[in-house]
Structures are given as C-alpha cells and as structure tokens.
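As the structure is a prediction and not an experimental result, all values here were calculated from the model. Remember, it's 1-based here, ligands and their atoms both numbered in the order they're listed.
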Amino acid sequence: MSAVAEQTQVAPRLLADRINALEESSTLAMTKMARELAAQGHRVISLSVGEPDFKTPAHICEAAKKAIDDGFHGYSPVAGYPDLRKAIADKLKRDNNIDWKPENIVVSTGAKHSLANVIQVLINPGDEVVIFAPYWVSYSEMVKLAEGKSVIVNGAFDNDFKVTAAQLEAAITPRTRIVMYASPNNPTGAVYSEKELREIAAVIEKHEDVYVLADEIYEYINFTDEGHFSIGSIPALKDRVITVNGVAKGYAMTGWRIGFTAAAKWIADGVEKLQGQVTSGTNSIAQKAATAAFNGPMEPSIEMTKAYARRRDLVVGLLREIPGFKVNMPQGAFYAFPDVSYYFGKSDGTTQINDSDDFSNWLLNNSYVSTVAGSGFGAPDCIRISTAAADEALVEAVQRIKDAVATLK
Ligand SMILES: Cc1ncc(COP(=O)(O)O)c(C=O)c1O
C-alpha cells in the first residue's frame, strides 16, 4: 500500500470523534468543486459563494495601509482595540438602538467566529438550541461541536420562510438555552419585521433561561421600507440578546475577518476568556480597517445594496420564468432560494435527480453553474443561488439553468 493510501486509511480512525461527526461546509465544498472545474478549463459561473463581488471601499483600505505604516504590528488586546470596541458601541446605538458599552463587546475573526464562541460559552452537553430554518449551514455544526442539540423549526414557504411566534413557543423545552436566527436571512433573504420580532420576543420573555443569538451580518443589505430591526433593542430582553454582526457583507470585507459579539458583560467575559485561550485578539490591521468602516461614510454600502436589490429583481424575475420553480421574493441579503422539488424524480436520460444535492451537482457538471443544495440549510427542496455577481453572468447562469432543466423528463 502506498504511503498516501495508508495515511488515508488511518486518518478517519485517529481523527477526533467531534471532527468525524462534523459535516463539511456545503457552500465551501461547492465553491471548491467549481474552482476545480474552472481550473480544468470549463467556463464555470460560480454562484455558490456568499460574498460581495465589490471591492472594499477605498477609505477603509487607506485606514489599513495607515495602520501598517503606524506600526500596529503587535498583539492586540484579546477583546479588540478600545477604539474599535467604542466604534462598535457607537454603531449599535446609532443603527440598532442598542445601548452597550465597549466592555460589552468582543471582536473576533469574523461573525462566524463570534457565533461559534457564543455557542461554546453558553451550551452544555444536551442543551437545546432552537434554530430557525432555513438557516446558515454552520449553525447546526457549531451546536454539534458544543455537544448541544439543534431543534430545527421550519419557516413555511408561504410565510416567506419565516418562523412564527407560535411555532417557537411549541419548540421551547426546559432544556432550551438559545434561540438562533439570522435576519436578513441566508439563504432565503427573509427579513423579520419589528412586529414579528416583538411577537417572538414576547415568547422568549416568558422563559427566563432562554437567550437569543441574533445574527445580523446582513443588516445593511435590506430592501424593505421598514429597514432593519434589532431584537436586542427591546428593553425587556436586553440582557438576554446576544447580537452578532461584522463587516463582511455590508462593507464588502469578507477576507478581512472581523466580527463582533455584543452581550451582557458575563457573556462577553466568557467569550473573551475562550478567545484568550484559542485565538487571542484578531488581526490588528483588519481591526483598524473595521474601525474606519464603522466610523465612516455609509454611501458605498448604500450603493452596493442598491445594486443587490436590482440584481434580486433581475434574477427572481428570470427564475420565475423557469417551469416548476417556486421562488420567494428575498427582502435582503444577496441570494435567491428557489424551490426546485418539481424536478425531483426526473432524469436527463443518464442521471436521475432525487434531491437538491443531486440537482445542484447535476447543474454544476452539466451547465457549469455552481449553486448550493438547500439540504445543508435545512431546506431540502431548494437550491441557493448567489446574486452577488455581474448582471451578464447572472443572466447567462439562469439561462443555462433554464436550458438544462428543459432536458429533464
Ligand atoms: C448568516 C451568516 N452569518 C454569519 C456569516 C459569517 O460572516 P463572517 O464572514 O463575518 O464570518 C455568514 C457568512 O456567509 C452568514 O451568511
């Protein structure tokens, strides 16, 4: 047996159980496959990745260059530089009506890291985390890593994929510790209104050991007239809402890796303690860039959001012309999330499509359009299509999808 084959056989046995139990991120897996096909020379249109196709605004890049020149090269405080924590506290007051001091804020390596930290800090083995589905692929895996139990509550297509207060009430048990959701939502683009969140808050208020983990990473990419509402602004729940946000989506800064947790002091202290043993303070230059983002002009973000809204209209309009596709109208973020289950059980004569994984793989291999199966998001009838791409690429991608499904019988 070759050394490589031997290594491959040994690996699963010696990997820790918690890693063997973990699913690979389906969005990253799809993006990797798309890159491989592109490297083989295929004209792949990649609509699987969840990232803006814009560049980080210039004033933010300038702040990073200045940070390098000014010598911010050393370790930063574990919870982040004081000026960044202050900029975040100001942002929360200004945009979200949430009144936290800098000491309530911990800066981490992206909102993903912030979410994973909070779950590690609050969840004991067997504790339940209610997750509003469709949900971002990593939520359930983060809960698994903490040995918690995910309780998935499905938002109905007819309610724009949103979970109701009554559904939440029915899901809460004495073991529930966290209720977790994203608004605007990845993958559906659904936005919870103030009314809906107040109803949800009223349910949570009755259960004093239940906390809310509000993922607001798409806050600025919101197409509604009402705009964003933060559940953390409701006074009765203030100490029980953990707000997570960052710079990735709204400022086109996915690679800079800055996210934050804003929470009651004992939770923020717990996150800082964990981070102090695992990663320390995050990248010093990126923190200076994020400070400039939170303190700076919003015009670039507003312009990007206008572009996402226009592309949403374009893509949803075209997808709705495809026979059998059921498409909701996203109110934020940059994804379309069509229900493609009409095609399950159909075949192109060679390959039978049985579920959204088959559908998404088949599309990639036949039309060279990469999407992500809804199964990883807890919505096995759907596929996720990123609309963060140039108009021409989006039009061509949807045309390729339309031509491809026409061959399914
Ligand atoms: C709903 C949701 N939360 C959090 C994140 C992670 O954001 P970050 O890049 O800041 O880690 C993403 C990224 O795709 C997301 O879609």
Contact with ligand 1 for G110, non-hydrogen, under 4.0 angstrom:
yes
Do other residues, nucleotides or ligands put more than 12 heavy atoms under 6.0 Å from the CZ atom of R400?
yes
For F132 together with F161, are the ring centres under 6.0 Å from each other?
no
Which atom pair, heavy atoms only, marks the closest approach of L47 to A389?
CD2-CB, 3.8 Å
closest protein heavy atom to atom 14 (O) of ligand 1 is K249 NZ, 2.6 Å
Starting from atom 5 (C) of ligand 1, locate the nearest protein heavy atom and write down its residue, its atom name and how far away it is, to 0.1 Å.
W136 CH2, 3.4 Å
For residues 170-182, the salt bridge (Lys or Arg N to Asp or Glu O under 4.0 Å) pairs (sequence neighbours left out) are D127-R175
For Y192 and F229, what are the C-alpha separation, side-chain angles and deciding distance, and is it a ring-ring contact (aromatic ring centres under 6.0 Å, His included)?
CA-CA 8 Å; Y192 284 82; F229 181 76; over 10 Å; no
What do you reckon, does E51 put a non-hydrogen atom under 4.0 Å from ligand 1?
no
Is there a polar contact between ligand 1 and Y218, counting only N or O atoms under 3.5 Å apart?
yes
Under the salt bridge (Lys or Arg N to Asp or Glu O under 4.0 Å) rule, collect the residues that match up with D358, sequence neighbours excluded.
none
Ligand-side contact atoms (ligand 1) for residue partner N186, heavy atom cut-off under 4.0 Å:
1 (C), 15 (C), 16 (O)
Does D215 come within less than 4.0 Å of ligand 1, judged by its heavy atoms?
yes
Interfacing atoms of ligand 1 (cut-off 4.0 Å, heavy-atom, R257):
8 (P), 9 (O), 10 (O), 11 (O)
Test: K91 cationic atom under 6.0 Å from F294 six-membered ring centre, within 45° of axis
no
Kindly say whether E216 contributes a backbone atom to a donor-acceptor pair with the side chain of N245 at under 3.5 angstrom?
yes
For A248, take its heavy atoms, then give the atoms of ligand 1 lying under 4.0 Å from any of them.
9 (O), 10 (O)
Answer yes or no: does an N/O atom from K112 fall short of 3.5 Å to an N/O atom of ligand 1?
yes
In the protein, what heavy atom is nearest to atom 10 (O) of ligand 1, and what distance, to one decimal place, separates them?
A111 N, 2.7 Å
